[in-house]
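Beneath this line is the structure, given in structure tokens, with notes to follow.
Sequential numbering from 1 along the given sequence is applied to the chain's residues.
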Amino acid sequence: MAVEPLSQKEIEDRLAELPGWSLEGDRLARSYRLGSHFAATAMVVHIAQVQEELDHHSDLTLGYNTISLTVNTHSIGGAVTELDFRLARRVEDLAPGHGAH
């Protein structure tokens, strides 16, 4: 399956379905604040597992009780694609208060 860059309108439409996510330059971005360092670390491990399943990886930054992600599709020159939104949706499902854990 060929991956194509999304248009600005497609990106804006998809972002409307993912509160908290934004476009920062050429990357989707989101930060989460969790209850403790351990909770943030555990979420990073869960995100890493999802990234392996999808074979699509973000840049992850772990702070004391925060996680920041940025993602785009390197294989097509760093544009935002459906792969990035698929990962964002899966990460959002992992977030406390947003679905199954």
Side-chain angles (χ1 to χ4, degrees):
M1 173 178 99
V3 177
E4 297 292 328
L6 296 174
S7 70
Q8 188 67 32
K9 173 149 181 28
E10 289 171 317
I11 292 169
E12 290 169 5
D13 290 348
R14 285 172 172 78
L15 281 173
E17 300 169 6
L18 286 169
W21 287 84
S22 62
L23 186 64
E24 292 184 5
D26 63 350
R27 304 172 72 80
L28 296 184
R30 173 82 154 95
S31 293
Y32 297 91
R33 181 175 303 279
L34 290 95
S36 67
H37 180 68
F38 185 82
T41 303
M43 187 168 166
V44 166
V45 172
H46 289 292
I47 292 169
Q49 182 179 10
V50 166
Q51 292 179 144
E52 288 298 305
E53 288 172 17
L54 296 176
D55 192 25
H56 193 62
H57 301 82
S58 69
D59 290 332
L60 273 170
T61 303
L62 173 64
Y64 169 70
N65 65 344
T66 59
I67 300 168
S68 298
L69 295 92
T70 60
V71 65
N72 63 12
T73 303
H74 300 283
S75 63
I76 61 162
V80 174
T81 69
E82 185 57 39
L83 295 174
D84 304 309
F85 279 98
R86 223 177 279 157
L87 176 59
R89 283 186 209 99
R90 291 283 303 274
V91 170
E92 196 62 24
D93 289 344
L94 290 171
H98 291 93
H101 305 293

Quick one: CG on Leu94 to CD1 on Ile47, what's the gap to the nearest 0.5 Å? 6.5 Å
Write down the atom of Met43, the atom of Ile67, and the distance for their closest heavy-atom approach. CB-CD1, 3.4 Å
Among pairs that include at least one residue of residues 59-76, which meet salt bridge (charged side-chain N to carboxylate O under 4.0 Å, His left out), considering only residues two or more places apart or in two chains? Arg27-Asp59
Residues which pass salt bridge (charged side-chain N to carboxylate O under 4.0 Å, His left out) with Arg33, listed by chain and number, not counting sequence neighbours: none
Taking all non-hydrogen atoms of both residues, which atom of Phe85 and which atom of Leu15 are closest, and how far apart? CE2-N, 3.8 Å
Can you name the nearest heavy-atom pair linking Ala39 to Leu34, along with the distance? O-CD2, 3.7 Å
Contacts of type side-chain contact (heavy atoms from CB on, under 4.5 Å), residue Thr41, not counting sequence neighbours: His37, Leu62
Which residues pass the side-chain contact (heavy atoms from CB on, under 4.5 Å) test with Ser68, not counting sequence neighbours? Ser31, Thr61
Please enumerate all residues that pass side-chain hydrogen bond (donor to acceptor under 3.5 Å, both in side chains) together with Glu4, with sequence neighbours excluded. none
Using side-chain hydrogen bond (donor to acceptor under 3.5 Å, both in side chains) as the criterion, list what pairs up with Ser36, not counting sequence neighbours. none
Distance-minimising heavy-atom pair for Ile76 and Thr81: CD1-CG2, 3.1 Å
Quick one: list whatever passes side-chain contact (heavy atoms from CB on, under 4.5 Å) with Ser58, sequence neighbours left out. Gln51, Leu60, Leu69, Val71, Leu87
Could you pull out all residues at least two apart from Glu82 that satisfy salt bridge (charged side-chain N to carboxylate O under 4.0 Å, His left out)? Arg14, Arg89
Donor-acceptor pairs under 3.5 Å, side chain of residues 17-26 to any protein atom, not counting sequence neighbours: which ones?
residue: Trp21; atom: NE1; partner: Glu92; partner atom: OE1; Å: 2.9

If I compare all heavy atoms of Ala88 with all of Leu28, which pair ends up nearest, and what's the gap? CB-CD1, 4.5 Å
Contacts of Glu53 that satisfy salt bridge (charged side-chain N to carboxylate O under 4.0 Å, His left out) - sequence neighbours left out: Arg90
Identify the two heavy atoms, one from Asp84 and one from Ala79, that lie closest to each other, and give their separation to 0.1 Å. OD2-O, 3.5 Å
